[in-house]
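Every chain is numbered from 1 and lettered A, B, ... according to where its sequence line falls, protein lines coming before strand lines.
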There are 2 protein chains.
Amino acid sequence: MDENELPRVLQQLWGIEGRSRPGPKPAFHISDIARAAIKLADAGGLAAVSMSKVAAELGFTTMSLYRYVDAKDDLYVVMLEYAFAEPPVLDPALDWRGRITAWAEAFRDGLRRHPWILQIPIQDPPLSPNQLAWMESGLDAFDGTPLAPQDRLSAMLLVNIYVRGTAQLTANMLTEPDEVREADRLYTQRLTMLATPDRFPGIAATLEQPLDEGYAGDFDVAEFTFGLNTVLDGIHTRITRQTP
Amino acid sequence: MDENELPRVLQQLWGIEGRSRPGPKPAFHISDIARAAIKLADAGGLAAVSMSKVAAELGFTTMSLYRYVDAKDDLYVVMLEYAFAEPPVLDPALDWRGRITAWAEAFRDGLRRHPWILQIPIQDPPLSPNQLAWMESGLDAFDGTPLAPQDRLSAMLLVNIYVRGTAQLTANMLTEPDEVREADRLYTQRLTMLATPDRFPGIAATLEQPLDEGYAGDFDVAEFTFGLNTVLDGIHTRITRQTP
DNA sequence: GCACACTGTGTGCGCCATACACAGACCATA
DNA sequence: TATGGTCTGTGTATGGCGCACACAGTGTGC
């Protein structure tokens with residue numbers, strides 16, 4: 001393969017069809033694959049997504065999928081692309097802080113809608129259309145700031161990492177709020193048992209204090225924005241340092 | 001199982017043996033399993049770790065492992081526990097910033113030594129001894145600050161997330177520096193092709209500027225500490241806001 | 001000295017990703 | 001309009017995986 005050639009999946013996602021050549025017409029489109037796979041993943045997590053199950057969902061045989069997707073990993077790329085869809089349109093009236101906050105919340109909401117996204121092993125940096133659109137949207141949030149392009153990239157990545165990381169901590173696959181509460185209760189109980197104040201004073205201190213919040217506890221909206229603001233404060237000082 | 005009972009793996013990791021009861025003595029210890037599994041993972045990534053391969057490495061049969069580990073996921077817990085080993089001892093002469101920086105760098109070095117750690121799907125919050133020791137160590141870095149225990153936890157998690165996130169971006173499995181450079185070159189080339197300035201001005205701007213640094217490019221030491229300092233600046237403002 | 005809990009083993013099941021050969025469908029060209 | 005070549009979806013097969021289960025031997029506490 002010429003190295004200038006994109007992998008087949010990316011070609012399909014970007015709509016670079018090329019030719020209408022001899023041979024039967026494709027019976028479906030990668031978007032169909034995406035829809036079927038996302039449906040399965042939403043229902044049963046990423047583990048519920050297998051080539052055969054996706055194919056069965058579409059009413060085709062397993063091997064037919066390989067006409068659209070070179071390998072399982074490519075299936076993940078397709079799922080990601082369609083699960084996130086378009087990035088939010090950011091209100092230009094807001095300042096950078098308001099804009100990147102809206103962006104982060106939209107990102108978080110996407111992850112909350114499709115928790116399996118966090119389970120996808122990231123192999124390559126993003127190149128699909130919607131992924132790039134999200135990147136662009138995040139970068140644009142810093143329009144009007146004195147940050148250089150590279151610094152905007154770093155800042156956006158920082159927020160990106162934060163959202164992913166916190167989502168990872170909270171939404172470990174559990175969709176039912178009751179399950180979350182129960183798991184949290186069990187965790188704090190075990191932690192209390194194991195992290196004795198003599199050996200782990202710091203951990204023990206965090207356990208004494210609050211009402212019901214353990215480590216990966218109810219990392220709810222308030223806590224999300226609180227942590228996010230800490231990150232944004234850091235970016236803020238970088239900005240002000242830039243313009244003395 | 002009584003809910004107060006820890007899962008078998010955690011019992012083993014904490015050395016809660018209980019009894020010397022009838023029956024043959026165990027032929028090996030979970031640390032042996034850990035060593036074998038880590039060896040395989042270091043060599044061939046997490047995908048190279050299977051129950052049968054680990055067993056073969058030890059000279060035992062596959063099923064014998066299940067006497068020590070209830071499921072594959074537990075194997076991951078064991079690997080994590082032994083791969084990270086003890087947290088760094090933080091110099092109390094340093095201020096919180098120096099301490100948490102040292103902690104973050106130690107964490108980063110651990111991830112760099114064992115990149116497969118990033119591929120482990122996180123199911124449950126940490127409860128194993130060394131994991132808790134790392135938590136404690138990270139919390140202790142904020143000794144002397146006016147931060148409340150819960151805020152220390154948030155701050156530590158923020159740093160934790162940052163290190164994981166950046167490591168995820170850079171060390172995507174590629175151990176050879178040449179491979180990294182090559183992958184980066186290919187990525188920027190493709191990005192340049194796809195992210196045209198008209199549709200993706202922000203992305204294009206980041207591409208024009210620099211010498212050879214693309215998105216997931218050489219996220220080297222300097223860039224690591226730069227981003228980390230942004231995070232720490234955020235924590236700093238939170239601290240100073242606490243004590244007016 | 002004996003019962004039995006606990007050890008490691010062997011076999012087997014169902015699922016997975018995917019390589020490969022193939023029959024038919026369709027379009028470009030003649 | 002005929003036909004060649006190419007692309008489609010399909011069937012079959014392979015090697016790996018996690019793990020359930022039945023089993024035989026071992027050694028400790030009674």
Within this structure, what is the CG-to-P distance between A/Leu75 and C/dC16, rounded to whole angstrom? 13 Å
Nearest-angstrom distance from the residue atom CG of A/Leu65 to P of D/dG11: 14 Å
d(NE2, A/His29; C1', D/dC7) in whole Å: 16 Å
Which residue, B/Thr166, B/Val163, B/Leu158, forms the side-chain contact (heavy atoms from CB on, under 4.5 Å) with A/Ile161? B/Thr166
Gap between atoms CD1 and C1', on A/Ile30 and D/dT8 respectively (whole Å): 17 Å
Nearest-nucleotide check on DNA chain C, A/Lys72 vs B/Pro26; residue mapping nearer the 5' end is B/Pro26
The side chain of A/Ala27 lies closest to which of these nucleotides: D/dG9, C/dT7, D/dG18? D/dG9
B/Gly23 or B/Ala47, whichever maps to the more 5' nucleotide of DNA chain D: B/Ala47
Under 4.0 Å from OP1 or OP2 of D/dG9: is there any side-chain N or O of A/Thr61 that close? no
Between B/Ala71 and B/Pro24, which is nearer to the 5' end of DNA chain D once each is assigned its nearest nucleotide? B/Ala71
Does D/dG9 have its OP1 or OP2 closer than 4.0 Å to a side-chain nitrogen or oxygen of A/Lys25? no
Begin with the C-alpha distance, continue with both residues' side-chain angles, and end with the deciding distance and a verdict on side chain to side chain contact (heavy atoms under 4.5 Å, CB included) for B/Ile203 and B/Leu191. CA-CA 9 Å; B/Ile203 300 176; B/Leu191 200 55; 4.1 Å; yes
Candidate nucleotides C/dT18, D/dG9, D/dG18, ranked by approach to the side chain of B/Tyr66 - the nearest: D/dG18
Would you mind reading off the distance between B/Met51 atom CE and C/dG10 atom P, rounded to a whole angstrom? 17 Å
Considering only heavy side-chain atoms of B/Phe60, the closest of D/dG9, C/dC6, C/dG8 is C/dG8
Please give, in whole Å, the distance from C/dC16 P to A/Asp73 CG? 16 Å
Roughly, in whole Å, what's the span from OH in B/Tyr76 to C1' in D/dG18? 10 Å
Is there side-chain contact between B/Trp103 and B/Met156, with at least one heavy-atom pair below 4.5 Å? yes
Salt bridge flag under 4.0 Å for residues B/Asp32 and B/Arg35: yes
Verify, without hydrogens or angle tests, whether B/Tyr162 (side chain) and B/Leu228 (backbone) share a donor-acceptor contact under 3.5 angstrom. yes
Under 4.0 Å between any heavy atoms, over every strand shown, what does A/Ser64 touch: base, sugar-phosphate, or nothing? Just pick one. base
According to the interplanar angle, ranging from 0 to 90°, do the rings of B/Phe28 and B/Tyr68 count as parallel (below 30°), tilted (30 to 60°) or perpendicular (above 60°)? parallel
Scan A/Ser52 against the nucleic acid and name what it touches under 4.0 Å (heavy atoms): base, sugar-phosphate only, or nothing. sugar-phosphate
From CZ of A/Phe28 across to P of C/dA25 the rounded distance in Å is 18 Å
Of the nucleotides D/dG9, C/dT18, C/dG8, which has the atom closest to the A/Arg67 side chain? D/dG9
Closest listed nucleotide, where the reference is the side chain of B/Met63 and the choices are D/dT28, C/dT9, C/dT7: C/dT9
Ignoring backbone atoms, test whether A/Lys53 places a side-chain nitrogen or oxygen under 4.0 Å from the OP1 or OP2 oxygen of C/dC15. no
